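First comes the structure, then the notes that go with it.
Just so it is clear, the model here is predicted, and its values are computed rather than measured. Just so it is clear, the values below take in all heavy atoms, side chains as well, and ignore hydrogens, waters and symmetry mates.
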Amino acid sequence: MKNPAEVARGYLTLGKIKTEQTAVRLLLLGMLAGAFIALAGAAATFGNVYVGKVAGAAIFPAGLTMVVLAGSELFTGNCLLIIPLLEREIRLWALLRSWALVYLGNFLGSVLVAGLCSAAGTLDVVRDAVIATAEMKASLPFGAALLRGVLCNFLVCIAVWMSQVGESAAEKFIGLYGPIFVFVLCGFEHSIANMFFIPLGMMLGAPVTAADMVAANLVPATLGNIAGGGIFVGGLYWYLNRK
């Protein structure tokens with residue numbers, strides 16, 4: 001088991017790897033991660049409807065499990081790249097480029113899965129729940145969405161951090177599972193998951209516009225995700241484990 005200082009040092013190498021990849025590679029890896037999160041969100045929706053919220057929360061960690069073990073790039077987890085930035089191992093422009101490309105890739109992958117689910121009719125039996133979720137997320141006050149985004153990515157980045165503690169696939173899964181279960185059960189706002197839930201709701205008839213989705217949810221949730229993961233996890237652990 002790695003200690004926190006060893007995990008923090010590992011991000012110095014990861015930072016270079018993640019920011020020096022080509023734009024096409026980052027986009028494709030981002031699309032994979034968006035698809036993984038979206039598919040987990042679809043399955044969690046069935047869990048919520050047929051069993052209850054605890055079941056949905058128990059299912060959703062499958063998304064980050066696929067992200068970590070299959071290999072892809074998730075914007076929210078990559079907020080931990082603040083560590084190599086603060087250590088001056090990567091430059092700000094490289095970080096912002098990586099974030100932008102991965103975020104776009106996550107969006108494309110999430111919306112693609114939403115479109116496929118809508119076209120295939122796989123979530124028609126839970127249409128009311130999907131529409132209600134989209135409406136709720138697009139009607140949150142800016143401040144509430146922002147703070148829920150902070151709390152969400154604090155837990156997501158803790159999950160990613162804990163997945164780096166172990167070496168085996170089982171250890172990584174055990175490390176990431178708990179924090180993701182907690183964030184979903186508490187109803188916090190994950191910007192990438194919302195790129196699936198809201199567009200899918202729109203496709204199934206939710207009275208939500210693209211402007212509603214962006215202004216009322218994606219903007220505040222994304223800003224909160226950056227603060228929760230970048231500052232309160234990445235920044236804090238960098239400070240606690242400096243040379």
Side-chain angles (χ1 to χ4, degrees), residues 1-38 40 61-110 153-177 179-180 190-192 195 222 225-243:
M1 174 175 166
K2 297 177 184 176
N3 62 42
E6 290 172 323
V7 176
R9 284 195 296 272
Y11 267 95
L12 303 183
T13 302
L14 277 177
K16 292 181 180 180
I17 293 172
K18 288 177 177 290
T19 57
E20 292 176 357
Q21 298 180 80
T22 66
V24 171
R25 184 175 174 82
L26 284 173
L27 275 172
L28 291 174
L29 289 170
M31 288 181 68
L32 282 171
F36 293 153
I37 296 299
L64 189 60
T65 303
M66 289 186 280
V67 169
V68 171
L69 297 185
S72 57
E73 295 289 340
L74 182 65
F75 168 77
T76 45
N78 282 0
C79 287
L80 288 172
L81 294 181
I82 288 290
I83 294 172
L85 176 70
L86 292 172
E87 197 63 24
R88 299 181 181 178
E89 293 289 338
I90 62 174
R91 295 188 177 185
L92 179 60
W93 70 266
L95 172 65
L96 295 177
R97 169 185 174 273
S98 175
W99 275 359
L101 290 167
V102 169
Y103 191 87
L104 175 59
N106 290 167
F107 179 79
L108 294 174
S110 298
N153 213 34
F154 178 83
L155 287 166
V156 170
C157 283
I158 287 294
V160 173
W161 183 277
M162 290 169 62
S163 75
Q164 303 301 313
V165 168
E167 294 293 341
S168 71
E171 290 167 334
K172 291 181 180 297
F173 172 74
I174 291 168
L176 68 84
Y177 188 89
I180 302 301
H190 188 273
S191 59
I192 310 307
M195 293 173 182
T222 300
N225 289 167
I226 292 171
I231 298 172
F232 297 120
V233 180
L236 183 58
Y237 273 108
W238 169 79
Y239 177 78
L240 292 171
N241 296 287
R242 287 180 299 172
K243 293 176 182 176

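Taking the side chain as every heavy atom from C-beta outward, Ser191 and Thr76 approach each other to under 4.5 Å. No side-chain heavy atom of Ile37 sits less than 4.5 Å from a side-chain heavy atom of Asn106. Side chains of Val68 and Leu74 form no contact here, defined as non-hydrogen atoms less than 4.5 Å apart. Contact annotation: the side chain of Trp93 never approaches that of Leu96 to less than 4.5 Å [non-hydrogen atoms, C-beta and beyond]. Under the 4.5 Å side-chain criterion, counting only non-hydrogen atoms from C-beta, Leu27 is in contact with Leu104. For the pair Leu240/Pro4, no side-chain contact is recorded, criterion being any heavy-atom separation below 4.5 Å from C-beta on.
Taking all atoms of both residues into account, the shortest heavy-atom contact from Lys172 to Ser163 is CG-O, 3.0 Å. What you find for Ala8 and Asn241 is that their closest heavy atoms are CB-CB, 4.1 Å. For the residue pair Ile90 and Lys16, the shortest heavy atom distance occurs at CG2-N, 4.0 Å. Contact record, Leu32 with Ser72: CB-CB, 3.9 Å, taken as the closest heavy-atom pair. The two residues Gln21 and Glu73 make their nearest non-hydrogen contact at NE2-OE2, 3.5 Å. Closest approach of Cys157 and Cys79 over heavy atoms only: SG-CB, 4.2 Å.
Dense packing is recorded around OH of Tyr177, with more than 12 heavy atoms of other residues, nucleotides or ligands lying under 6.0 Å away. For CZ of Phe154, the number of neighbouring non-hydrogen atoms (other residues, nucleotides, ligands) closer than 6.0 Å is 12 at most. Annotation: Arg97, atom CZ; neighbour count of heavy atoms from other residues, nucleotides and ligands within 6.0 Å is above 12.
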**OP:** Evaluate the side-chain contact (heavy atoms from CB on, under 4.5 Å) criterion for residues Ile174 and Glu171: first the C-alpha distance (whole Å), next the side-chain angles of each, then the deciding distance (0.1 Å), finally the verdict.
**Re:** CA-CA 5 Å; Ile174 291 168; Glu171 290 167 334; 5.8 Å; no
Original post:
Are Met162 and Leu176 close enough, and set up right, to give a side-chain contact (heavy atoms from CB on, under 4.5 Å), and what steps lead you there?
Top reply: CA-CA 6 Å; Met162 290 169 62; Leu176 68 84; over 6 Å; no
**OP:** Test side-chain contact (heavy atoms from CB on, under 4.5 Å) on Trp99 and Ile226 and set out the steps.
**Re:** CA-CA 10 Å; Trp99 275 359; Ile226 292 171; 4.1 Å; yes
**OP:** Check the pair Leu29 / Val102 against side-chain contact (heavy atoms from CB on, under 4.5 Å), numbers first and verdict last.
**Re:** CA-CA 7 Å; Leu29 289 170; Val102 169; over 6 Å; no
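Under the side chain to side chain donor-acceptor pair (under 3.5 Å) criterion, no residue pair touches residues 26-38, with sequence neighbours excluded.
Proximity of the aromatic rings of Phe75 and Tyr103 is defined here by a centroid distance below 6.0 angstrom, and this criterion is met.
Taking the ring centre of Trp238 as origin, the terminal cationic atom of Arg242 falls inside the region bounded by 6.0 Å and 45° from the ring axis.
Atom CD1 of residue Ile83 and atom CD of residue Glu89 lie 12.0 Å apart, to the nearest 0.5 angstrom. Rounded to the nearest 0.5 Å, atoms CG (Leu81) and NZ (Lys18) are 6.5 Å apart. To the nearest 0.5 Å, the span separating CG on Leu28 from OG1 on Thr22 amounts to 8.0 Å. Taken from CG in Leu12 to CD1 in Ile17, the straight-line distance is 11.0 Å, to the nearest 0.5 Å. Taking CD1 of Ile82 as the start and CG of Leu236 as the end, the distance is 13.0 Å to the nearest 0.5 Å. A distance of 4.5 Å separates OH of Tyr237 from CD1 of Ile158, quoted to the nearest 0.5 Å.
A donor-acceptor pair is defined here as one N or O able to donate and one able to accept, closer than 3.5 Å; no such pair exists between the side chain of Asn153 and the backbone of Val156. Judged by distance alone, the side chain of Gln164 and the main-chain N or O of Trp161 form no donor-acceptor pair under 3.5 Å.
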